[in-house]
Amino acid sequence: MSGFGNEFSSEDPRCPGALPEGQNTPQVCPYGLYAEQISGSAFTCPRSSNKRSWLYRILPSVRHKPFKPYEQKHLTHNWDEVEPDPNQMLWNPFLVGEKKQDFVDGLNTLCGGGDAKSRNGIAIHIYTCSVSMIDRCMFNSDGDFLIVPQQGKLLILTEFGKILVEPNEICVIQQGMRFSVEVFGDSRGYILEVFGVHFELPDLGPIGANGLAYPRDFLTPVAWYEDRTVAGGYTVISKYQGKLFSAKQDFSPFNVVGWHGNYAPYKYNLDKFMVINCVAFDHADPSVFTVLTAKSPRPGVAIADFAILPPRWVVAEHTFRPPYYHRNCMSEFMGLIKGFYEAKDTGLQPGGATLHSCMIPHGPDDNCFEKASNCKLEPERVADGTMAFLFESSLSLAVTRWGLQTCNCLDKEYYQCWQMLRSHFTPLQQSKK
């Protein structure tokens with residue numbers, strides 16, 4: 001179903017009329033179903049930001065055994081594992097296929113900040129997995145997952161229906177929604193998790209009514225159910241206050257026959273992004289590449305933005321066209337889905353990442369600078385066949401022990417890419433002019 005934040009309604013075609021008419025909780029629901037509401041916002045939030053859906057299911061989700069601690073390996077919200085490191089960081093492609101593990105066991109926290117208990121913060125995870133979740137599902141009590149596949153497509157089964165997500169697409173599984181991930185070989189990708197807020201489309205301001213990510217290009221699944229008992233028990237895994245817990249039940253949680261509301265998972269194809277760019281001189285700020293934002297209470301400041309650097313025309317005259325040298329009050333995490341990053345000929349590779357922390361300088365390497373400073377400026381296409389993206393946050397992010405040590409992918413020579421930058425200062429020549 002097409003649209004962003006719409007009021008949707010969907011029934012599995014095998015059970016027409018599964019949604020009650022005229023009310024949410026009739027004394028007896030059609031087909032003997034249970035009515036269950038999932039709330040993504042406080043009851044009293046303004047109508048414009050109030051999020052909830054009604055699910056009509058064969059058995060309610062409350063019928064499970066008690067939760068018990070689950071071994072979570074490298075998933076953490078402990079931002080004090082190691083001492084802070086302000087250096088620019090580059091990770092080579094994160095290793096995939098070394099272990100036969102599913103999506104949950106393959107979650108590795110790279111960095112983050114804030115606190116899930118106080119519902120303010122973010123975490124950035126890398127997932128690597130090669131087997132599907134069999135008779136297992138997960139839900140996140142802490143926040144929303146924005147999933148960016150880089151290698152391998154994912155078939156994500158949710159309570160709301162099925163979502164097929166391929167590289168160059170993204171998927172958002174919002175807080176509390178149960179899901180299971182099927183893979184088709186070695187799979188790797190990135191996850192931006194936000195606590196306490198939901199992703200929304202950025203305001204367009206002077207851009208006007210049209211541009212960036214169009215609401216109609218976001219897709220939400222249609223209802224699909226399975227009525228299946230599991231003799232050995234179905235495992236439900238909860239992420240709660242940064243820890244994992246598991247509970248058993250004897251039936252599939254994907255037993256929703258129909259649902260309606262505005263709180264649901266969704267996906268988006270990054271190729272559909274309508275690019276805004278400079279057509280005269282200088283750079284527009286990279287905020288014009290924002291796909292989704294998770295706002296903070298401060299106007300204009302995001303807890304997290306998801307932005308992309310898509311294929312586009314560059315036509316700016318008498319301008320240094322690559323990304324400029326920068327020190328930012330925001331933290332900038334970059335990943336690469338495919339191709340190469342336009343500001344560095346080498347370094348960042350698909351499946352790898354960089355982190356430039358709060359106020360830490362970054363920018364083009366020497367090769368990029370020399371080439372862009374001396375080339376003939378003509379209209380040109382950039383980033384064809386590539387897709388880099390940014391997770392940008394107003395929080396100062398701490399890198400985990402897994403990110404600094406255990407993953408064994410950190411390139412400690414990253415700083416060398418700027419060491420060949422040389423002075424071009426010519427005061428006498430300028431004074432003659």
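Starting from 1, each residue takes its place in the sequence as its number.
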Which value, rounded to the nearest 0.5 Å, describes the distance between [X] atom [atom1] and [Y] atom [atom2]?
{"X": "Asp142", "Y": "Ile122", "atom1": "CG", "atom2": "CD1", "answer": "14.0 Å"}
{"X": "Leu244", "Y": "Asn140", "atom1": "CG", "atom2": "CG", "answer": "9.0 Å"}
{"X": "Phe139", "Y": "Cys137", "atom1": "CZ", "atom2": "SG", "answer": "8.0 Å"}
{"X": "Leu146", "Y": "Gln174", "atom1": "CG", "atom2": "CD", "answer": "10.5 Å"}
{"X": "Glu182", "Y": "Lys153", "atom1": "CD", "atom2": "NZ", "answer": "9.5 Å"}
{"X": "Asp80", "Y": "Asn78", "atom1": "CG", "atom2": "CG", "answer": "6.0 Å"}

**Study point:** Residues Ser141, Gln175; criterion side-chain hydrogen bond (donor to acceptor under 3.5 Å, both in side chains); working and verdict
**Key:** CA-CA 6 Å; Ser141 296; Gln175 182 186 15; over 6 Å; no
**Study point:** Minimum heavy-atom distance between His125 and Thr109, given as atom pair plus value
**Key:**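 Shortest heavy-atom contact: ND1-OG1, 3.0 Å.
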Check your understanding: Of the non-hydrogen atoms in Leu336 and Gln150, which two are nearest, and what is the gap between them?
Key ->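 Taking Leu336 first and Gln150 second, the nearest heavy atoms are O-CG, 3.5 Å.
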Exercise for review: Begin from the C-alpha positions of Leu397 and Trp79 and carry the test side chain to side chain contact (heavy atoms under 4.5 Å, CB included) through to its verdict.
Suggested key: CA-CA 8 Å; Leu397 303 182; Trp79 310 132; over 6 Å; no
**Study point:** Lys267 to Phe218, cation-pi by 6.0 Å centre distance and 45° axis angle
**Key:** no
Check your understanding: Think Arg216 forms a cation-pi with Phe4, using NZ or CZ under 6.0 Å from the six-ring centre and within 45 degrees of its axis?
Key -> no
Exercise for review: Evaluate the side-chain proximity of Ser61 to Gln249: yes if any heavy-atom separation is below 4.5 Å, no if none is.
Suggested key: no
Exercise for review: Check whether any side-chain heavy atom of Arg136 sits under 4.5 Å from a side-chain heavy atom of Thr235, and report yes or no.
Suggested key: yes
Study note, to complete from the structure: The residue among Leu55, Ile173, Val222 that forms side-chain contact (heavy atoms from CB on, under 4.5 Å) with Phe160 is Leu55
Exercise for review: Identify which one of Leu292, Ile337, Val165, Leu192 satisfies the side-chain contact (heavy atoms from CB on, under 4.5 Å) criterion when paired with Ile170.
Suggested key: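 That would be Leu292.
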Does any donor atom in the side chain of [X] or [Y] lie under 3.5 Å from an acceptor atom in the other side chain?
{"X": "His362", "Y": "Asn328", "value": "no"}
{"X": "Asp305", "Y": "Thr293", "value": "yes"}
{"X": "Gln151", "Y": "Asp186", "value": "no"}
{"X": "Asp85", "Y": "Asn87", "value": "yes"}
{"X": "Glu226", "Y": "Ser252", "value": "yes"}
{"X": "His356", "Y": "Glu392", "value": "no"}
{"X": "Asn168", "Y": "Asp271", "value": "yes"}
{"X": "Gln37", "Y": "Ser53", "value": "no"}

Point to revise | Main-chain N/O of Phe273 paired with Tyr268 side-chain donor or acceptor, under 3.5 Å | key: yes
Classify the ring geometry of [X] against [Y]: parallel below 30°, tilted from 30° to 60°, perpendicular beyond 60°.
{"X": "Trp402", "Y": "Phe94", "value": "parallel"}
{"X": "Phe281", "Y": "His318", "value": "parallel"}
{"X": "His283", "Y": "Tyr324", "value": "perpendicular"}

Check your understanding: With the threshold set at 4.0 Å, does a side-chain nitrogen-carboxylate oxygen contact exist between Lys272 and Glu169?
Key -> no
**Study point:** Candidate pair Tyr56 and Asp12, rule side-chain hydrogen bond (donor to acceptor under 3.5 Å, both in side chains), full reasoning
**Key:** CA-CA 11 Å; Tyr56 298 90; Asp12 189 302; over 6 Å; no
Check your understanding: Stepwise, does the side chain to side chain contact (heavy atoms under 4.5 Å, CB included) test hold for Arg14 with Tyr225?
Key -> CA-CA 9 Å; Arg14 292 170 289 177; Tyr225 77 91; 3.5 Å; yes
Point to revise | ring-ring contact (aromatic ring centres under 6.0 Å, His included) involving Trp313 - partner list, sequence neighbours excluded | key: none
Point to revise | Qualifying ring pair (Phe, Tyr, Trp, His ring centres under 6.0 Å) pairs with a residue from residues 188-211, counting only residues at least two apart or across chains | key: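 For residues 188-211: His77-Phe195, Tyr190-Phe389, His198-Tyr263.
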